[in-house]
Amino acid sequence: VVHDELDIPFDTLRLKRGGGEGGHNGLKSITASLGTKDYARVRVGIGRPPGRMDVADFVLRPFTKPEQDVLPLHVDRAADAVEKLVTDGLEPAQQAFHS
């Protein structure tokens with residue numbers, strides 16, 4: 001599963017297996033459908049909302065111009081992480097992308 005992650009800075013990836021949903025409705029839905037929280041995740045960092053901005057407003061807002069500039073590279077890197085995860089497994093993918 002590839003998903004956005006508030007607890008990771010923008011333009012950062014982390015891979016893991018299992019864990020909670022942290023209020024993420026998409027993860028809640030996936031967990032309910034699979035009947036388990038034990039699935040591989042490529043967590044795509046989006047960072048935290050500034051100040052007291054509502055989380056829902058933050059995740060639904062358009063990307064800023066600086067974010068738009070690096071977003072294609074970020075998406076490509078996430079796709080590469082998925083490929084490495086599928087072909088080589090979790091630990092090799094973590095070693096390759098957790099830098």
When every non-hydrogen atom of Gly18 is compared with those of Lys16, the smallest separation belongs to O-CE, 3.0 Å

For Phe97 and Arg77 the tightest heavy-atom approach is O-NH2, 3.0 Å

Taking the basic N atoms (NZ, or NE/NH1/NH2) and the acidic carboxylate oxygens, is any pair closer than 4.0 Å for Arg61 and Asp57? no

Spatial distance of atom CD (Gln95) from atom NZ (Lys84) [nearest 0.5 Å]: 8.5 Å

Could you go through Arg48 and Asp7, starting from their C-alpha distance and side-chain angles, then the distance that decides it, and tell me whether this counts as salt bridge (charged side-chain N to carboxylate O under 4.0 Å, His left out)? CA-CA 7 Å; Arg48 284 256 161 218; Asp7 293 327; 2.6 Å; yes

Parallel, tilted or perpendicular: which fits the ring planes of His3 and His24, with parallel below 30° and perpendicular above 60°? perpendicular

Give a yes or no on whether the backbone of Asn25 and the side-chain of Ser29 come within a donor-acceptor separation of less than 3.5 Å. no

Donor-acceptor check, side chain of Glu5 to backbone of Gly45, threshold 3.5 angstrom: yes or no? no

Following the transitive rule for hydrophobic clusters with a side-chain heavy-atom cut-off under 4.5 Å over Ile, Leu, Val, Met, Phe, Trp and Tyr, establish whether Tyr39 and Val42 coincide in one cluster. no

Note, Leu6 side chain near Val59 side chain (heavy atom, < 4.5 Å): yes

Please give me the minimum heavy-atom distance between Ala81 and Ala93, naming the atom from each residue. O-CB, 4.4 Å

Which heavy-atom pair separates Ala40 from Arg17 by the least distance, and what is that distance? N-NH1, 3.6 Å

Count the heavy atoms belonging to other residues, nucleotides or ligands that lie under 6.0 Å from CZ of Phe63, then report whether that count exceeds 12. no

To the nearest 0.5 Å, what is the distance between CG (Asp54) and CG (Leu60)? 9.0 Å

What one should report as the nearest heavy-atom pair of His98 and Leu13 is CD2-O, 4.0 Å

Under 3.5 Å donor-acceptor, Glu21 side chain and Lys28 backbone: no

Answer yes or no: is there a side-chain heavy-atom contact under 4.5 Å between Pro9 and Ile46? no

Donor-acceptor under 3.5 Å (Glu83 side chain, Asp80 main chain): no

Taking a hydrophobic cluster as the set of Ile, Leu, Val, Met, Phe, Trp and Tyr residues connected by side-chain heavy atoms closer than 4.5 Å, whether directly or through intermediates, do Val1 and Val86 fall within one such cluster? no

Should Val75 and Leu73 be regarded as members of a common hydrophobic cluster, given that ILVMFWY residues are connected when their side-chain heavy atoms come within less than 4.5 Å of each other, either directly or indirectly? no

Do Val2 and Leu15 share a hydrophobic cluster (ILVMFWY, side-chain heavy atoms under 4.5 Å, transitive)? yes

If we ignore hydrogens and angles and just use 3.5 Å, is the side chain of Arg41 paired with the main-chain N or O of Gly19 as donor and acceptor? yes

Would you say the side-chain atoms of Thr31 pair up with the backbone N or O of Leu27, donor to acceptor, closer than 3.5 Å? yes

